[in-house]
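Please read all numbers here as calculations on a predicted model, not as lab measurements. In what follows, every chain begins at residue 1, and chains take the letters A, B, ... in the order their sequences are listed.
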Amino acid sequence: MSKGLPKRSEDYSLWYNELVKRADLAENSAVRGCMVIKPYGYSIWEKMQAELDRMFKETGHTNAYFPLFIPKSFLSKEASHVAGFAKECAVVTHYRLKNAEDGSGIIVDPDAKLEEELIVRPTSETVIWSTYKNWIQSYRDLPLLVNQWANVVRWEMRTRLFLRTTEFLWQEGHTAHATAKEAMDETVQMMNVYAQFAEEFMALPVVKGMKTANERFAGADETFCIEAMMQDGKALQAGTSHFLGQNFAKAFEVKFATKEGGLEYVWGTSWGVSTRLMGALIMAHSDDNGLVLPPKLAPFQVVIVPIYRGEAELEAVSVKAREIMAELKKAGISVKYDDRDTQKPGWKFAEYELKGVPIRIAIGPRDLENGTIEIARRDNLTKEQFELVSLPISEKIAILLDEIQEGIYSKAFNFRSEMTTEVNSWNEFKEVLEGKGGFISAHWDGTSETEEKIKDLTKATIRCIPLDRKEETGSCIYSGNPSQGRVLFAKAY
RNA sequence: CGGGGUGUAGCGUAGCCCGGUAUCGCGCCACAUUUGGGAUGUGGAGGUCGUAGGUUCGAAUCCUGCCACCCCGACCA
């Protein structure tokens, strides 16, 4: 049992905030709205980065880096883009400080005003497309498949650790193509990459879909997304992939000579996932005892805790522990041996539970005598005495890790299934939304007016038009007008 | 930006209404006994009470300004 971690059922958001801090993932910083990602939390992010980066490279992308600052004039070149981001931009106006003449301290030097203000990037489309103009002349320069790992700043009114912070870390892919089809294929491919990453590594089932016009990225012709369900019945957008059409090519005059000798605008995409994925990971799987990490993203998959009295016993136990550790490492399993004598075993048990380590092994004198170890699983909190002769320990642990990874996924999958409700009337819609929550699958007439109205009345938004939806005719839940299929509504983070 | 709330030791808090130099728990340090689910005892260290001013013999406490943070809205990955 974790000491004093709030219960999910009592106060979900308090539970979340406390868990993030207690599990050493992140904390609020001295800067309003900005977080410090602590080493344990950052190492989970690094695992995510490593896998995603590998997947991006497998699909032909390479990394590059573009500037943090964007000249103000760039941002305004694509009209709907600037309209979408203008309200949340940090702006650099000066480049120097000086001592105040009245001795009151350091002030901004009014003589050091920038000719043109610089925007701290909220996203990099504009600075990147201004660069692509120089990189692309011919169809031979296409496709251009670039990703960057970066930080961005969006001046949000209210922030929450990982879910919405003023500064956040992310990757943003920006690609350029010769044809609309190629760009669209890329957009869909990257959504699929995100979905695969979420399901395979985060053990997080997601719905793949398209955003409605209202929810579309500012400057995109089409936005694809993956949507996940959190334990409190709220949806979380976990990743987006945008088909930019020729919007940015036109804004930045990026044309290429075709094979046939013509001159055409380039087609673009952009796609990103952020440290928000950390929030998704935490909220999807963790329980009242703390974090539950999928083995594929855990900073270490196994922790070994020695049980002993006195140095002689520790020495004997450690010999066994190191043997096991070596074997696990050889099998590619990450292990930590916690032989600190500054904390007691019970304390360590609770600590690693809080931090979500998938498997804990305890070894004591009794085990040495019996040829056993104690294996405890974080996902279902069960323990077993394992006889070392029955199976090589690395095989045993590998099997368990797979079981845990799968178990966490199917638990989340079943939860999402339970939390997805088909409704056919407005009353039913409101009732489910206020009571049970979750995804609501309902008919919608396809107009922004209806979507807005529903949002105003209930705070529910259309999370996406699922790609795998059945084509079926029906009547809109709100307006009663004809509908061509169901969409997913939910309250969202 | 609108509504509500809070600033006291590393963290969480009592004291404030009714002014007299700060309470308790966790954590920290030392020693001893402990170690298979967050040990116990004894001793100890640690505080410009967010900040600037005012009232007063005297302010954590009363008054005024400012700052920061949290929660609820509008905005958003």
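Among residues at least two apart or in separate chains, side-chain hydrogen bond (donor to acceptor under 3.5 Å, both in side chains) pairs with a member in residues 195-209 of chain A are A:N192-A:K208, A:Q196-A:E200. A ring pair (Phe, Tyr, Trp, His ring centres under 6.0 Å) check over residues 300-319 of chain A, counting only residues at least two apart or in different chains, returns nothing.
Remark: the separation of the P atoms in B:rC71 and B:rG15 is 24 Å, to the nearest Å. For the P atoms, the distance linking B:rA68 with B:rC57 amounts to 35 Å, nearest Å.
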Completion exercise
Here RNA chain B, pairs taken as Watson-Crick or G-U under 3.5 Å and shown with ( ), [ ] when crossing and | when to another strand, reads (((((((..(((.......[...))).((((((.....)))))).....(((((..]....))))))))))))....
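Every residue was checked against the side-chain hydrogen bond (donor to acceptor under 3.5 Å, both in side chains) condition with A:E46, not counting sequence neighbours, and none meets it. Taking the side-chain hydrogen bond (donor to acceptor under 3.5 Å, both in side chains) definition, one finds that A:E387 meets it with nothing, sequence neighbours left out. Scored by the side-chain hydrogen bond (donor to acceptor under 3.5 Å, both in side chains) test, A:D185 finds A:K181 as partners (sequence neighbours excluded). Listed by chain and residue number, A:F201 satisfy the ring pair (Phe, Tyr, Trp, His ring centres under 6.0 Å) test with A:F197 (two or more places apart in sequence, or in another chain). With sequence neighbours left out, the salt bridge (charged side-chain N to carboxylate O under 4.0 Å, His left out) criterion links A:R377 to A:D379, A:E403.
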Check residues 355-366 of chain A and write down every donor-acceptor pair under 3.5 Å in which the side-chain atom is one partner and the other belongs to a residue at least two apart or another chain.
from	atom 1	to	atom 2	distance (Å)
A:K355	NZ	A:D24	OD2	3.3

Donor-acceptor pairs under 3.5 Å, side chain of residues 457-468 of chain A to any protein atom, not counting sequence neighbours: which ones?
from	atom 1	to	atom 2	distance (Å)
A:T458	OG1	A:I454	O	2.7
A:T458	OG1	A:A460	N	3.1
A:T461	OG1	A:R463	NH1	2.7
A:R463	NE	A:E227	OE1	3.1

Could you write out each protein N or O paired with an N or O of nucleotides 39-46 of chain B at a distance under 3.5 Å?
from	atom 1	to	atom 2	distance (Å)
B:rA39	N9	A:K344	NZ	3.4

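Taking every side-chain heavy atom of A:N28 into account, B:rC70 is the closest of B:rC70, B:rU35, B:rG37.
Listed by residue number, the members of residues 159-166 of chain A with any heavy atom below 4.0 angstrom from RNA chain B are A:L163, A:R164, A:T165.
Between A:Q385 atom CD and B:rG36 atom C1' the separation is 9 Å, expressed in whole Å. The separation between A:E88 atom CD and B:rC1 atom P is 17 Å, rounded to whole Å. One interatomic measurement links the two molecules: CD of A:E27 to C1' of B:rC70, which rounds to 16 Å at whole-angstrom precision. The interatomic distance linking A:F349 (CZ) with B:rU35 (P) rounds to 14 Å, in whole Å.
Contact annotation: A:R366 side-chain N/O to B:rG36 OP1/OP2 distance is not under 4.0 Å.
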